[in-house]
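These numbers were taken from a predicted model, which means no experiment stands behind them. A note on names: the letters A, B, ... follow the listed sequences, proteins ahead of strands, and every chain is numbered from 1.
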Amino acid sequence: MDFVVQSLAALNSGAAAVVHGQGGWVLCTKTDASVMGLQTSPDAASWTPYPLLGSATADRALDAAFNATGRCVVVGTQGRAFYSDDLAAWAAVTSSFATTGITGVAHGNGLYVAVGGAKCGYSANGISWAQRAALPTTSAQQIAFGDGVYVAVGTSGWLGRSTDNGVSWTTIGAGFGTSTINNVAYDPDTGVWCAVGAGGKIATSVDGGLTWTQRTSGTTQILYAVACAGGTWLVGGAGGVVLESDDLAAWTVATTALGSNTVRGIGTDGSIFVVQTDFAQVAVSASPSIAISLPVEVNVVAPPVVAVGIEVTVASASIAASLPVTVNAVVPGAIALPLSVRVNDPDIYADLDGAATWAAAPHGRWRAIVVLGDQDISDRLIGEVSVEHEDNTAALADFEFLPAGLLQPASLIQRSVRISFAWDDGSNVQMLFAGVVAWPEPDATTGAVRCTCTNRAQEIWAAMPRAAIDALVGGRYHTAVSGERDDNYEYLVERIKSVGASWAVDALLQPRILTWQGAAKTFTVREADVIDGAFEVALPDGDQLRSRVTCRLQHRYQLLRGRRVVAQYAHDFALIRPRIYATTNYPGVTALTAAMVQQACEGVTGWTRVSEIDIEHPPSGAWMIGTSETQGVYSISPRVAQDLALGFKAEYAARWQQTVTETYEITLVWSALEAQLGSGASGAPEVEGATLEAKFDSPAWSSDATVLPDVTPPALGDRSVAHQPPGADAAARDEALRTLLDRAWVGMWSRSRSGRVRFAIPCRPDIWLDARITVEARRLRAAGKVADVTHRLDVATGAATSYLGIAVGMPGEASATLPVWTLPPAPAPAYVPPISSFSFEIGEYVGGGPESAEWDEATMIGFSTNLLGPSDDALNYYPHQLSIKAPDLAAEDRDPAELTAAATIPITIPTDLLEILP
Amino acid sequence: MTTYKFFSDAGMTAELTSLPITVSTLGGSVDGVIYFGSPVAGKTLQAASAPGVDPVTVVAADADTGAGLAASTIKLALSAGGLATAVGGAPLTLGTTIASGAAIAVFWRFTTGASAAGVHTDLSLTTNMLVEG
């Protein structure tokens, strides 16, 4: 190991320790023949003495320790202690050691812990000190810290180990016998401890100081100092002994440059060693020369065989026209609707005819009770009274009466109406309708007035608070799907599209939600109950049925993008330096100047420089061009060197917006329907579409780097922030998607139950839209919710009839519930910018040489120069200039991006009882 | 022990101990960028041969010149565009004094012809002899 030995005039035989920490080096010593003090140095090259005491004493500094923030504590004889935060201004503190010499100090676990004699003291800040219990030795010498453990050493072979910051100590046998252990050190890179002492003894521990192994040093000299750096251990002691070892087993002489002067201290900064001797000497090891290597592992693999299937989707032109959009694509071809035919024994029909137990009025006679305004006009009714209720429609009523006196027909408009049916004896009143007169029609011939009435269901819903609608309806609503709906009735209509239910207003003017499955009342109708035994069956319209529906949501937002790139260039000093090597003349080139670099780096447009322009200048000095001065000397003065450049580095950033549209396409497939109807039902799927868009209203953002959000990457690369404020973020997107899916599922169900079974029965005014009826007839079995009901009463005869339509759908009688949707993950962009996107183009072009190509300004971007020497017309010369070219933004980075996520979800839909019997 | 290393990120948080490259048996080119520097403040790196005068360089080294891949399969440049004119196997000058704290982007391109499937570990990216101060 090479050492450079320095003689320090002010350093004398008081030398004791060398310590390195934040801020530099500290030699513990005397600053002259008799004053306790230090030598400090930032670089181990030049040293500055600092007296710690103002007058001559026999005292001296013995050891020092740094904490993590650079506070250095120095301890010494007579219990003296000092501290400094800058290695320049030192302050004395009271150490708690009284006049006992403090021989060692170390820092770890947030404490300074010092030893001396039988004492152990500690301090959190190096200023206020307190004593621990006495050590199990009378003469501790040194202390060190590593990996949570303090190890102290002393005379008579004592080595103590403490895991509680010096509160308690365990004496460890380290194999030194009665020999004094002078010093101990820890290598944080390997976790190895090493202790040295009298007789040239060295012991090491690899288990945190629990067990120790004696090593063979090859010397019997007293060893006082030990340190480790970069895997190399150095020990030193009497007689100028300095030994080194890389494995702690074999020790060799590191240097003999110190003569016979006793080595008292060895310090290290992890790179170099500083050795201090008794006699005004400091030896500094040379920095180790290193090469940094990165293994390259090349894996050659056979390319996979990739089969690419081509799928051509021909979409209806109207699908892409606009969004939100609902496209009803007509399924081409005929659709066959298979029916289940059951052949029953004729005996079972015997119970159907006449078996019903209807609560009919006596003799089948009814009377109507109509209250117009506050007047009962029942006695003046003529003709027919009818009341009609239907799902998702306002109820209507119609009656005709003869006014009692003069009447202004227009005054009837909006007059309240209540209609009830009762048995002809006036009992068992059943209220059927409440509402207002909408259209009075006087008959000029008879004087009668016909009134058509409505229950104003839409107005009632419109007046209902939105929260109440939400509670009553359930389901989902999203503005991206339905738009903004100011009218609460329209809001109801949109919201209920995601629920398997219908809306209505009942005879008491109460808003009602009527589920398609389950019902408040159930009835069974047999053939004998039906007037004329006639049933009319309308099957679901095949053109309306859908086995597939695609929900398409477009989530559009601005991606706020930032990119940081680098402009860097460097060339060898040899490029500009003329020299003669053997017989070859290398003339050098006209050098790059710092001004050219500044101009080029400051002239960049479209990018903002985010770093200083770091220019590397050539070294100043003089170099022989050839092997002797007679061949010339090339020199650069310090002033000129500052004007030239060997290379430079600057970083730039840009920000821009990119519109991103994420399209989610989820197709719901009702396989059971396709199995029933054949492939024709799986034609062009219906598309339910919506767009969720987040506007970014900050026009200055792109041009003003101070406008937030800041997307400048901290290092080379990209950084993006998606502008997705609440309401247009991922949660809103998922909610919109689920809304679309719910509506699609409900829509498929709704279309499948568009069939109707119609029949008429003697009046049953208690049957309303909340009833579910099962039909058991000779030729028909069906079940479904009442979709519409009309009660008609002939005032003159009292005959009354109820006309019913029940909703029936695809056969199967299977239940199903709204699925819990699993959404596809957000699509990720496939484009990854190439590395060329992150660096400027800066080449190097040297003209005036035999291989110099013709100058091309368009392609020769970078530093162009010429070889020095006389010009030759046969050669190509270049302008002496520096041009740099910023990377372009690729279209994939800049243009609107379209990302698609697709999924197919199989579903089941509730089906009904519907059988035609032979 | 030097604090200068190769990293996979410009922030010098992920040290590289190996540079894995995967190519097809059909051959082809692969481009990439790695970073060289020291995250420890206050350090400098210079060439050991003539500190402050000779450049710090990186070059592809071939530990087994008789077999495996040749160093010329790797081109190095300080910019992506520079790879087009870089010479395979030629050293890349990083500067004469490399200050710590900021990484230098080293762009590389590996080019090979058709070859048998296998793993080659004879190449490395190596600096010249350096001194850290």
Side-chain angles (χ1 to χ4, degrees), chain A residues 43 189 229-231 270-271 286-303 564 566-575 577 611 614 616-619 621 623 646-649 651 713-717 834-844 861-862 885 887, chain B residues 1-2 4-6 9-11 16-26 31-36 48 52-55 60-61 69 74 78-82 85 93-97 102-105 107 110 112 115-121 123-133:
Chain A
D43 53 9
D189 291 336
S271 178
S287 296
S289 180
I290 48 154
I292 303 160
S293 182
L294 177 65
V296 176
E297 180 179 300
V298 179
N299 191 12
V300 182
V301 297
R564 190 181 185 114
V566 64
Q568 60 182 4
Y569 167 77
H571 66 66
D572 290 4
F573 180 45
L575 182 68
R577 171 186 158 196
S611 76
D614 183 12
E616 184 180 19
H617 303 285
W623 296 267
L646 289 181
F648 64 94
K649 178 181 178 184
E651 294 186 346
L716 224 60
I835 58 173
S836 57
S837 305
F838 302 101
S839 71
F840 276 56
E841 184 179 341
I842 309 171
E844 182 180 285
I861 305 296
K885 183 176 182 295
Chain B
M1 189 171 294
T2 181
Y4 282 81
K5 297 178 175 65
F6 290 96
D9 64 321
L16 279 173
T17 56
S18 174
L19 178 60
I21 302 172
T22 300
V23 296
S24 160
T25 52
L26 301 177
D31 287 1
V33 60
I34 59 177
Y35 301 88
F36 180 78
V53 176
D54 285 352
L69 299 168
I74 293 186
L78 289 178
S79 66
T85 56
T93 295
L94 303 182
T96 54
T97 301
I104 295 176
F107 295 80
F110 175 81
T112 185
S115 65
V119 178
H120 302 276
T121 57
L123 292 183
S124 63
L125 296 181
T126 304
T127 67
N128 51 345
M129 296 303 288
L130 306 168
V131 176
E132 179 176 337

Taking every heavy-atom pair that is under 4.5 Å apart, which of B/Gly95, B/Gly82, B/Ala61, B/Gly11 has the most such pairs with chain A?
B/Gly95
Sort A/Glu616 into side chain, backbone, both or neither according to what part of it lies under 4.5 angstrom from a heavy atom of chain B.
side chain
Are B/Val33 and A/Phe838 side-chain neighbours, meaning at least one heavy-atom pair lies under 4.5 Å?
no
Any heavy-atom pair between the side chains of A/Phe840 and B/Ser79 that's under 4.5 Å?
no
Among the listed options B/Ile104, B/Ile34, B/Asp31, B/Ile74, the residue most often paired with chain A at heavy-atom distances under 4.5 Å:
B/Ile104
Examine whether an atom of B/Thr85 lies under 4.5 Å from a heavy atom of chain A, and if so say whether it belongs to the side chain, the backbone or both; otherwise answer neither.
neither
Checking the side chain of B/Thr2 only, and the main-chain atoms of B/Tyr4 only, is there a donor and an acceptor separated by less than 3.5 Å?
yes
Just give me the residue among A/Asp43, A/Leu294, A/Asp189 that pairs up with chain B most often, heavy atom to heavy atom, under 4.5 Å.
A/Leu294
Non-hydrogen atoms of chain B under 4.5 Å away: do they reach the side chain of A/Leu646, the backbone, both or neither?
side chain
Can you tell me which of A/Ile842, A/Ile835, A/Ile861 forms the most heavy-atom pairs within a distance under 4.5 Å of chain B?
A/Ile835
Side-chain contact, heavy-atom cut-off 4.5 Å: B/Phe36 with B/Leu125?
no
What part of B/Leu16 lies closer than 4.5 angstrom to a heavy atom of chain A: side chain, backbone, both or neither?
both
In the structure I gave you, are the side-chain heavy atoms of B/Leu19 and B/Phe6 within less than 4.5 Å of one another anywhere?
no
Heavy-atom pairs under 4.5 Å with chain A are the metric here; pick the option from B/Ala105, B/Gly32, B/Ala60, B/Gly81 that has the most.
B/Ala105
So which of A/Pro713, A/Pro618, A/Ala715 has the biggest tally of heavy-atom pairs under 4.5 Å with chain B?
A/Ala715
How about B/Tyr35 and A/Leu716: do any of their side-chain heavy atoms sit closer than 4.5 Å?
yes
Using a cut-off of under 4.5 Å for heavy-atom pairs, which of A/Gly862, A/Gly270, A/Pro714, A/Ser839 has the most such pairs with chain B?
A/Ser839
Does any N or O in the side chain of A/Glu651 come within less than 3.5 Å of the main-chain N or O of A/Ser611, such that one atom is a donor and the other an acceptor?
no
Which residue out of A/Pro619, A/Ala574, A/Pro295, A/Gly231 racks up the most heavy-atom pairs below 4.5 Å with chain B?
A/Pro295
Measuring from atom OG1 of B/Thr127 to atom CG of B/Leu94, what distance do you get when rounded to the nearest 0.5 angstrom?
8.5 Å
Check each atom of A/Asp614 against the heavy atoms of chain B and say whether the ones under 4.5 Å are side chain, backbone, both or neither.
neither
Heavy-atom pair with the smallest gap, counting every atom of B/Gly52 and B/Thr97:
CA-OG1, 4.2 Å
